[in-house]
A.B. asks: 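Quick one: structure below, then a few questions.
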Amino acid sequence: MQAPDARTGTRLTGRVAVITGGSRGIGYATAVRFGQEGAQLVLADINAETGEASAQALRDLGYEATFVQTNVVEPEQTQAMAQAALDAYGRIDVLVNNAGVTRDATLKKMSEEAFDFVIDVNLKGVFNATQAVIPTMIEQGYGRILNAASVVALYGNFGQTNYAATKAGVVGMTKTWARELGRKGITVNAVAPGFIQTDMIGIVPDKVIDMFVDKTPMARLGQPGDIANAYLFLASEEAGFVTGTVLSVDGGLVL
C-alpha cells in the first residue's frame, strides 16, 4: 500500500467517489489517485479487515476516506453502500465498478457453481451497484459511472468462459447506460485492462505471463496505477464529452 502522500492536483476536488473492490490492487490504486486529486473516497469491499485497513491507510495519507463492507451481489447491501456515501459526504459523483473475481476452467471442466459465482459478482454486482447510485446522480444532474471491463471481453481467453462473458456483458451495459443516462448529465464508460500486476494474476503460471509479456509491444505487465490514471481521466471534467466508450489499457497487447 505504498503511495505518495502529496496531493498532485485538484481535478476531483469536491467530488465523492465510490469504489467497489477498493481495498486492494486496481481499486486501491484508483482510490489513491483520486485522493491525490482531491476526491472524497468511499471504499466498498466484502472483506472488512482489508477494507478498514485500506481506508485507514488513505486517511494516513491525508485523504478523506470511509469504508463500507459490501457484497455487491446483494442489492440491499449496495443500497446501504450508496446511503453510507450520502451520509458521509452528501453526494455521489463517481462510481468505479471495480469488484471482480475469477474462477477459471475450460468449457468442458467448468462447474455450474464457478460459472454462476463469476456471473453474480462481475455482472450482477455491477448492475446492483450502479442501480443503487443513479437516483442520486440523476437528482444531481451529474455523474460518472466507470466499469471494469477487460481485453478478454473483446477477444476472449482460454479457460475464461465465465469471466469473458461477464466482461463482455459489462461492455454491453456500459453502452446501454450511456444511451439511457446521457441526458441526465451522467457519463458511462469502461476501461479494458490487459494483464495487470495484481493478486488476481498471481495464480497465472509464469510461462503464461511470459507469453503475454512477449506479445505486448510495451514488453511489460501493466501496473495498477496505469488503470487508475485511465479512471482518473474518465472521472474528470476533461472527459465530459466522452461516454459509451471502452478504453483499452493493455500496452498494445491486442494489436
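Not measured: the values here are computed from a predicted model.
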A.B. asks: Can you confirm whether the side chains of Thr78 and Asn128 place a donor and an acceptor under 3.5 Å from each other?
C.D. replies: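 Not at all, the side chains of Thr78 and Asn128 share no donor-acceptor pair under 3.5 Å.
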A.B. asks: I'd like to know if the side chain of Gln197 reaches the main chain of Gly222, judged simply by a donor and an acceptor atom lying under 3.5 Å from each other, with no hydrogens or angles considered.
C.D. replies: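 No.
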A.B. asks: Do Val126 and Trp177 make a side-chain contact, defined as non-hydrogen atoms from C-beta onward lying under 4.5 Å apart?
C.D. replies: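 Yes; the side chains approach each other to less than 4.5 Å.
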A.B. asks: Check whether Lys167 reaches the backbone of Ala148 with its side chain - one donor and one acceptor, N or O, closer than 3.5 Å.
C.D. replies: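 Present.
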A.B. asks: Report yes or no: does Arg144 contribute a side-chain atom to a donor-acceptor pair with the main-chain N or O of Ser236 at less than 3.5 Å?
C.D. replies: yes
A.B. asks: Main chain of Pro193, side chain of Asp250: is a donor-acceptor contact present, judged purely on distance under 3.5 Å?
C.D. replies: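 Between the backbone of Pro193 and the side chain of Asp250 there is no qualifying donor-acceptor contact (under 3.5 Å).
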A.B. asks: Is a donor on one side and an acceptor on the other found under 3.5 Å between the side chain of Asp120 and the backbone of Phe117?
C.D. replies: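 Not a single qualifying donor-acceptor pair exists.
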A.B. asks: Determine whether the side chains of Thr50 and Ser23 contain a donor N or O and an acceptor N or O closer than 3.5 Å.
C.D. replies: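 Looking only at side-chain atoms, Ser23 and Thr50 do form a donor-acceptor pair, the distance falling under 3.5 Å.
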A.B. asks: Cation-pi between Arg15 and Tyr142: NZ/CZ under 6.0 Å from ring centre and within 45° of the ring axis?
C.D. replies: yes
A.B. asks: Does the side chain of Thr216 come within less than 4.5 Å of Phe195's, by heavy atoms?
C.D. replies: no
A.B. asks: Checking the side chain of Asn189 only, and the main-chain atoms of Gly244 only, is there a donor and an acceptor separated by less than 3.5 Å?
C.D. replies: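 Present.
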A.B. asks: In sequence, state the C-alpha distance, the side-chain angles, and the governing distance for Val118 and Gln160, and then conclude on side chain to side chain contact (heavy atoms under 4.5 Å, CB included).
C.D. replies: CA-CA 10 Å; Val118 173; Gln160 289 195 312; over 6 Å; no
A.B. asks: Hey, which of Val170, Asn162, Val101, Thr102 is the one that makes side chain to side chain contact (heavy atoms under 4.5 Å, CB included) with Asn122?
C.D. replies: Val101
A.B. asks: Of all heavy-atom pairs between Pro224 and Thr198, which one has the smallest distance, and what is that distance?
C.D. replies: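 Smallest heavy-atom distance, with atoms named: CG-CG2, 4.0 Å.
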A.B. asks: Hey, are the side chains of Glu52 and Gln56 touching, using non-hydrogen atoms and a 4.5 Å cut-off?
C.D. replies: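 They are not in contact (no side-chain heavy atoms under 4.5 Å apart), so the answer is no.
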